[in-house]
Amino acid sequence: MYCYNCGSRIEPNDHFCAHCGVCLGDEETPRRLASKYFDIEIADVKGDSPTDEGYVLTDSLRLAERLSTNVQTIKSVLEEFVSIRATEGVRYNVLDLHVSERQNGISWQECQRFLTIRYHQDLNSGKRPVYLFIIGGDDIIPMPTLPLKINNDDTVDSDLPYAYLYGAATEEGLLNLGVFERQIMLLVGRLPVAQDALLADFINMLNNALYAGYRGLPRHAMHAQCDPNWKVITRQVTRGFEPYLPCNEANTDYYYGPIMLTPQFEPTTPAFQQSFPYKEADIFYYNLHGTNLHGVDNFAGYTYQGGTSQRALCPRNMAAVANLNIVVTEACYGGWFKQSIYNSQSKKKEETILLSSLNARTVSYLGSSRVAYGNTDKQSQNGLLAADILAHHFLSYLYQGYTAGEAMHASKIDMLNIPRNVEGTRITVLEFNLFGDPSLYVDTHGLRKDSGDSAYARKAETARTHFSVEYEESKSGGLLETVRRLVDHNFKEIDQHLQRYLYDMWNIEKCALQRVVKASPKAGVGETAYLYLTDNGSISVVTNSESHKVTCCLFEK
């Protein structure tokens with residue numbers, strides 16, 4: 001069984017979740033749906049009727065062949081998935097290309113035309129489709145290949161064409177980004193299926209999406225890691241997310257502030273595991289190196305002096321993550337999952353970070369199909385570029401309560417409005433794809449944007465959340481001095497309350513307050529994070545000003 005609040009595994013006799021602390025036996029615990037395939041506890045009714053429409057696009061015949069099962073089983077699994085998703089606010093309709101009984105495959109242009117016809121039919125009947133959830137890799141539902149020269153590559157794999165109407169999204173319009181001047185059709189996400197995946201793996205991935213769809217993903221802890229030569233840029237990308245990053249200023253060997261640098265030891269060693277607090281994180285950001293070379297399955301970083309490549313992340317590392325999570329990576333080929341440019345069949349689960357993540361606990365993954373472009377510390381005076389901008393804006397939108405699909409599209413719109421490195425921007429917009437259900441979002445403590453107002457209706461107007469440091473122990477004359485300057489909070493009283501909370505909930509004795517960061521969105525309810533330092537690590541306590549909900553995350557040394 002799993003916690004209905006955060007998705008962590010729980011034992012049958014547990015009364016509280018060991019990770020998020022939610023009570024598992026109160027009157028608000030959701031009732032169990034009669035489910036044949038999914039081991040999930042979820043309310044059978046959630047609010048009003050679904051407000052968002054979308055499509056699940058797949059080929060049940062090819063998917064069944066891949067998973068060594070039959071077509072009827074695939075159809076039954078998908079029917080149950082969309083039925084449960086409907087109780088969570090998203091009504092998917094399954095579009096199964098198997099009905100055409102095609103023998104020679106289908107082009108992405110034919111798929112786009114098929115979607116456009118169905119889209120207009122639904123609009124005429126009063127529906128407003130928003131999301132497209134593609135089930136399967138390129139060998140099941142083709143991923144569009146666009147002619148664009150990048151280094152040694154002559155093409156780019158991109159699901160962007162599916163966002164636009166057939167006839168409007170010509171290759172010319174895509175390559176010069178003219179399609180962004182038109183209204184988009186759908187917000188797209190894809191769930192590739194590994195070559196060695198079984199039916200149980202497929203059900204597990206959909207099961208994770210259902211958990212995330214019910215409560216939203218936790219956003220209490222973020223892990224960020226980079227090549228040491230990109231530490232300044234990576235710090236800029238994560239600017240504003242300090243409440244969710246661990247305090248590791250004292251660990252200068254492996255950290256630049258809260259950013260983990262590529263360690264000088266193998267990822268499988270005990271020292272690596274001890275210094276890498278990734279297992280309990282909810283959101284991962286990797287500014288590392290990747291490749292599509294045969295037999296290389298890891299992300300890498302480089303040392304300061306010799307420029308030697310160091311393995312920074314292996315597929316089995318992401319497979320060991322404990323919680324449902326989101327992965328954002330700028331690594332080259334971070335979103336690559338095919339055997340080669342000549343073989344569209346997906347790789348095995350342990351052959352790429354992408355597939356290992358999705359087959360474990362990742363429900364949303366942002367990655368590039370080709371060489372990703374970002375800035376280096378040597379050129380950091382020029383600010384963020386290309387993939388850096390996309391990563392920062394994507395994370396920002398997620399933390400505001402946007403769905404993954406909305407965050408993806410809104411971030412690309414933002415990139416086009418920033419006149420920096422035009423060619424890098426064009427490549428980034430085309431080559432970065434979203435993997436997972438595009439309608440999922442992070443937990444905003446019950447606060448969400450109006451789900452009926454989709455991203456393409458708001459693409460010109462974006463409300464950013466402003467983060468301000470209210471207290472910094474190392475730069476302050478003392479807590480009392482800071483308190484006197486603040487008129488809207490009594491930090492001393494709050495600090496005493498939180499110290500008591502830590503003792504009652506976690507049996508943690510009094511510890512030093514290091515930093516207070518206040519998040520103030522233009523719309524919605526703000527949050528304040530209090531970061532404490534203990535002998536064993538650091539603690540982040542986040543308080544919500546409206547619900548008075550208090551969440552706590554421990555980062556061990």
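- Atom CD of Glu350 sits in a sparse spot, with 12 or fewer heavy atoms from other residues, nucleotides or ligands closer than 6.0 Å.
- In this pair, Tyr397 and Tyr402 present their aromatic rings tilted. The plane angle is within the 30 to 60° band.
- Across Ala404 and Leu398, no two heavy atoms sit closer than the pair CA-CD2, 4.0 Å.
- Arg361 pairs in a side chain to side chain donor-acceptor pair (under 3.5 Å) with only one of the listed residues (Asn208, Asp282, Asn323), which is Asn208.
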Stepwise side-chain contact (heavy atoms from CB on, under 4.5 Å) test for Thr234 and Tyr285: CA-CA 9 Å; Thr234 303; Tyr285 166 60; 3.6 Å; yes
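- For the pair Leu354/Phe435, a side-chain contact is recorded, criterion being any heavy-atom separation below 4.5 Å from C-beta on.
- In this structure, Leu174 and Pro161 have side chains that are in contact, with non-hydrogen atoms separated by less than 4.5 Å.
- Counting heavy atoms from C-beta on, the side chains of Leu440 and Arg85 come closer than 4.5 Å.
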Evaluation steps, side-chain contact (heavy atoms from CB on, under 4.5 Å), between Lys349 and Glu351: CA-CA 6 Å; Lys349 287 178 286 186; Glu351 289 182 334; over 6 Å; no
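- A donor-acceptor pair under 3.5 Å links the side-chain atoms of Ser369 to the main chain of Asp157, judged by distance alone.
- The backbone N or O of His223 sits nowhere less than 3.5 Å from a side-chain atom of Tyr244 that would complete a donor-acceptor pair.
- Ring-plane geometry between Tyr92 and Tyr131 is classed as perpendicular, the angle between the planes exceeding 60 degrees on a 0 to 90 degree scale with a lower cut at 30.
- Side-chain contact check for Val429 versus Leu160: some heavy-atom pair is nearer than 4.5 Å.
- Note that OG of Ser340 and CG of Asn292 are 9.0 Å apart. Values are rounded to the nearest 0.5 Å.
- From Asp154, atom CG reaches atom NZ of Lys149 across 4.0 Å, with rounding to the nearest 0.5 Å.
- Heavy-atom minimum distance, Arg426 versus Leu148: NH2-CD1, 3.3 Å.
- In this structure, His289 has its ring center no closer than 6.0 Å to that of Phe299.
- Atom-to-atom distance recorded for Thr352:OG1 and Lys338:NZ is 13.0 Å, nearest 0.5 angstrom.
- Ring geometry for Phe284 versus Tyr286: interplanar angle under 30°, hence parallel rather than tilted (30 to 60°).
- A 4.5 Å side-chain heavy-atom check between Ile141 and Tyr162 finds at least one atom pair inside the cut-off.
- One N or O on the side chain of His392 and one on the backbone of Val237 form a donor-acceptor pair closer than 3.5 Å.
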Working for side-chain contact (heavy atoms from CB on, under 4.5 Å), residues Leu132 and Leu57: CA-CA 7 Å; Leu132 173 63; Leu57 179 66; 3.8 Å; yes
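- Taking both residues in full, the closest heavy atoms of Gly136 and Val193 are given as CA-CG2, 4.1 Å, listed atom of the first, atom of the second, then distance.
- Between Tyr399 and Phe241, the angle of the ring planes lies from 30° to 60°, which puts this pair in the tilted group.
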Test side-chain contact (heavy atoms from CB on, under 4.5 Å) applied to Thr58 and Ile134, step by step: CA-CA 6 Å; Thr58 192; Ile134 301 172; over 6 Å; no
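- Counting only distance, with no hydrogens or angles, the side chain of Asn375 and the backbone of Leu385 share no donor-acceptor pair below 3.5 Å.
- Checked by atom type and distance alone, the side chain of Thr362 never pairs as donor or acceptor with a backbone atom of Ser364 at under 3.5 Å.
- With hydrogens and angles ignored, the 3.5 Å screen pairs a side-chain donor or acceptor of Asn433 with a backbone N or O of Asp159.
- A donor-acceptor distance shorter than 3.5 angstrom exists from the side chain of Asn359 to the backbone of Leu355, with no hydrogens or angles considered.
- Annotation: the span from Lys378 atom NZ to Ile233 atom CD1 amounts to 13.5 Å, rounded to 0.5 Å.
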Side chain to side chain donor-acceptor pair (under 3.5 Å) between Thr403 and Glu406, worked out: CA-CA 5 Å; Thr403 65; Glu406 292 171 334; 3.2 Å; yes
Side chain to side chain donor-acceptor pair (under 3.5 Å) between Thr262 and Arg311, worked out: CA-CA 8 Å; Thr262 304; Arg311 289 202 302 166; over 6 Å; no
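- A cation-pi arrangement, defined by a distance under 6.0 Å to the six-membered ring centre and an angle within 45 degrees of its axis, is present between Lys231 and Tyr256.
- Looking only at distances, a side-chain donor or acceptor of Asp377 sits under 3.5 Å from a matching main-chain atom of Val232.
- Between Leu187 and Val130 the shortest side-chain heavy-atom distance falls below 4.5 Å.
- One finds the OG atom of Ser368 at 4.5 Å from the CZ atom of Phe432 (value rounded to the nearest 0.5 Å).
- Considering all non-hydrogen atoms of both residues, Val327 and Ser357 come closest at CG2-OG, 4.5 Å.
- The side-chain contact (heavy atoms from CB on, under 4.5 Å) test with Leu186 is passed by exactly one of Tyr164, Tyr55, Phe133: Tyr55.
- Looking at heavy atoms from C-beta onward, Leu175 lies in side-chain contact with Leu430 at the 4.5 angstrom threshold.
- Atom NZ of Lys412 sits about 9.0 Å away from atom CG of Leu434, to the nearest 0.5 Å.
- Proximity of a side-chain donor or acceptor of Asp227 to a complementary backbone N or O of Asn229 within less than 3.5 Å is detected.
- Thr329 and Gly334 make their closest contact through CG2-CA, 4.3 Å (heavy atoms, listed as atom of the first residue, atom of the second, distance).
- Side chain of Glu330 to main chain of Asn287: no donor-acceptor pair is present (N/O by atom type, distance under 3.5 Å, no hydrogens or angles).
- Inter-residue side-chain proximity for Leu395 and Ile283 is flagged as met; some heavy-atom pair is nearer than 4.5 Å.
- Pairing each heavy atom of Gly257 with each of Arg235, the nearest pair is CA-NH1, 3.7 Å.
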